[in-house]
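Remember, it's 1-based here, ligands and their atoms both numbered in the order they're listed. The basis for the numbers below is simple: all heavy atoms, side chains too, and nothing from hydrogens, waters or symmetry mates.
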Amino acid sequence: MTDCIFCKIIKGEIPAKKVYEDKSVIAIYDINPKAPVHILIIPKKHISSLMEINKGDKNLIGGIILRLKTVAQELGLDKSGYKVVVNNGPGSGQLVFHLHFHLLGGWITKAGGWRV
Ligand code: 5GP
Ligand code: ZN
């Protein structure tokens, strides 16, 4: 979609700090982080929200969940715990209408203390 910011990032028209990319998914650091570590996992296919997924997207969505796990492991979030958030629709606070999974964590340091 031409006026979609995430489609532009996927096409390389807007820069982003990538943590993972393959033919169907990209993972980037959020530009305005709401946690010490805030990653967005984004399907390359333009789907506006979870309300638009269908049976044909089963592998894509399942792959994103598995990717959330490996990205969390690679960033060390599996040790401290993390949360996954998907906003759906304006009433949820969704601002970018291209499906994305927020991976939020890093509040606990390796030493066990809290990091704000
Ligand atoms: P939403 O509110 O739609 O669930 O979340 C959209 C997220 O995209 C926000 O956390 C926002 O900070 C992030 N975001 C918006 N524009 C950009 C951008 O150009 N680059 C990156 N990396 N993140 C963005
Ligand atoms: Zn898009």
**Q** Look at the side chain of K11 and the backbone N and O of I9, then say whether any donor-acceptor pair between them is shorter than 3.5 Å.
**A**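 The answer is no, because no donor-acceptor pair under 3.5 Å joins these two groups.
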**Q** Do V37 and L77 have side-chain heavy atoms sitting under 4.5 Å apart?
**A**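 Counting from C-beta outward, V37 and L77 do come under 4.5 Å.
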**Q** Can we say K44 and D22 salt-bridge, meaning some charged N sits less than 4.0 Å from an Asp/Glu carboxylate O?
**A**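 No.
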**Q** Would you say the ring centroid of H100 lies under 6.0 angstrom from that of H98?
**A**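 So the answer is no for these two rings.
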**Q** Pick one of side chain, backbone, both or neither for how H100 approaches ligand 1, counting any non-hydrogen atom pair under 4.0 Å.
**A**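 The answer is the side chain of H100.
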**Q** Look at the side-chain heavy atoms of Ile, Leu, Val, Met, Phe, Trp and Tyr, link any pair under 4.5 Å apart, and say whether Y29 and I26 land in one connected group.
**A**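 Y29 does not cluster with I26.
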**Q** Below a 4.0 angstrom heavy-atom separation, can you tell me which part of I5, side chain or backbone, both or neither, approaches ligand 1?
**A**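 The part of I5 near ligand 1 is the side chain, not the backbone.
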**Q** Should L40 be counted as touching ligand 1, given the test is an N or O pair under 3.5 Å?
**A**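 N/O-N/O distance under 3.5 Å: no.
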**Q** With a 4.5 Å limit on heavy-atom distance, are the side chains of D57 and K45 in contact?
**A**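 Of all side-chain heavy-atom pairs linking K45 with D57, at least one is under 4.5 Å.
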**Q** Only heavy atoms of I28, strictly under 4.0 Å: list the atoms of ligand 1 that pass.
**A**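 The atoms of ligand 1 under 4.0 Å from a heavy atom of I28 are 22 (N).
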**Q** Tell me whether ligand 1 is touched by G93 - counting only heavy atoms on the residue side and a distance under 4.0 Å.
**A**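 Yes, G93 has a heavy atom closer than 4.0 Å to ligand 1.
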**Q** Going by the order shown, which atoms of ligand 1 are within less than 4.0 Å of some heavy atom of I9?
**A**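 Matching atoms, with element in brackets: 18 (C), 19 (O), 20 (N).
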**Q** Has N88 got a side-chain atom pairing as donor or acceptor with V86's backbone, closer than 3.5 angstrom?
**A**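 Side chain of N88 to backbone of V86: a pair is present.
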**Q** Under a 4.5 Å side-chain heavy-atom rule over Ile, Leu, Val, Met, Phe, Trp and Tyr, are I5 and V25 clustered together?
**A**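 Looking at the clustering, V25 is in a separate group from I5.
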**Q** I need the atoms of ligand 1 closer than 4.0 Å to a non-hydrogen atom of L95, numbered in the order shown.
**A**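 Here the atoms of ligand 1 in question are 1 (P), 2 (O), 3 (O).
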**Q** Which of the numbered atoms in ligand 1 are under 4.0 angstrom from any heavy atom belonging to N87?
**A**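 This gives 1 (P), 2 (O), 4 (O) as the contact atoms.
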**Q** Output every pair passing side chain to side chain donor-acceptor pair (under 3.5 Å) with a member in residues 61-70, not counting sequence neighbours, ordered by first then second residue.
**A**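 Applying side chain to side chain donor-acceptor pair (under 3.5 Å) to every pair that reaches into residues 61-70, excluding sequence neighbours, yields Y20-R67, R67-T70.
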**Q** Spell out the protein N/O/S atoms under 2.8 Å from the Zn ion (ligand 2) as residue plus atom name.
**A**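 Hits for the Zn ion (ligand 2) below 2.8 Å: C4 SG, C7 SG, H46 ND1, H98 ND1.
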**Q** What is the nearest protein non-hydrogen atom to atom 22 (N) of ligand 1, stated with its residue, atom name and distance?
**A**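 The closest heavy atom on the protein side is Y29 O, 2.9 Å.
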**Q** Write out the residue and atom name of the closest protein heavy atom to atom 13 (C) of ligand 1, then the distance separating them to 0.1 Å.
**A**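 Ranking protein heavy atoms by distance from atom 13 (C) of ligand 1, first comes D30 OD2, 3.3 Å.
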**Q** Please identify which atoms of ligand 1 are closer than 4.0 Å to at least one heavy atom of K34.
**A**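 In order of number, 9 (C), 10 (O), 11 (C), 12 (O).
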**Q** For ligand 1, which atoms sit closer than 4.0 Å to a heavy atom of F6?
**A**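 Within the 4.0 Å cut-off of F6, ligand 1 contributes 8 (O).
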**Q** So, applying salt bridge (Lys or Arg N to Asp or Glu O under 4.0 Å) with E21, which one of K18, K23, K17 is it?
**A**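 The option that passes is K18.
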**Q** Show me which atoms of ligand 1 lie under 4.0 Å from any heavy atom of H102.
**A**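 Going through ligand 1 atom by atom, the ones under 4.0 Å from H102 are 1 (P), 4 (O), 5 (O), 7 (C), 10 (O).
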**Q** Using distance alone, decide if ligand 1 has a nitrogen or oxygen within less than 3.5 Å of any nitrogen or oxygen in I31.
**A**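 N/O-N/O distance below 3.5 Å exists for this pair.
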**Q** Which of these, I42, V71, I41, sits in a side chain to side chain contact (heavy atoms under 4.5 Å, CB included) with F101?
**A**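 Of all the options given, the one that passes is I41.
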**Q** Donor-acceptor check, side chain of E13 to backbone of K8, threshold 3.5 angstrom: yes or no?
**A**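 Judged by distance alone, no pair lies under 3.5 Å.
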**Q** Going by heavy atoms in the side chains, are F6 and L40 under 4.5 Å from each other?
**A**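 Yes, their side chains come closer than 4.5 Å.
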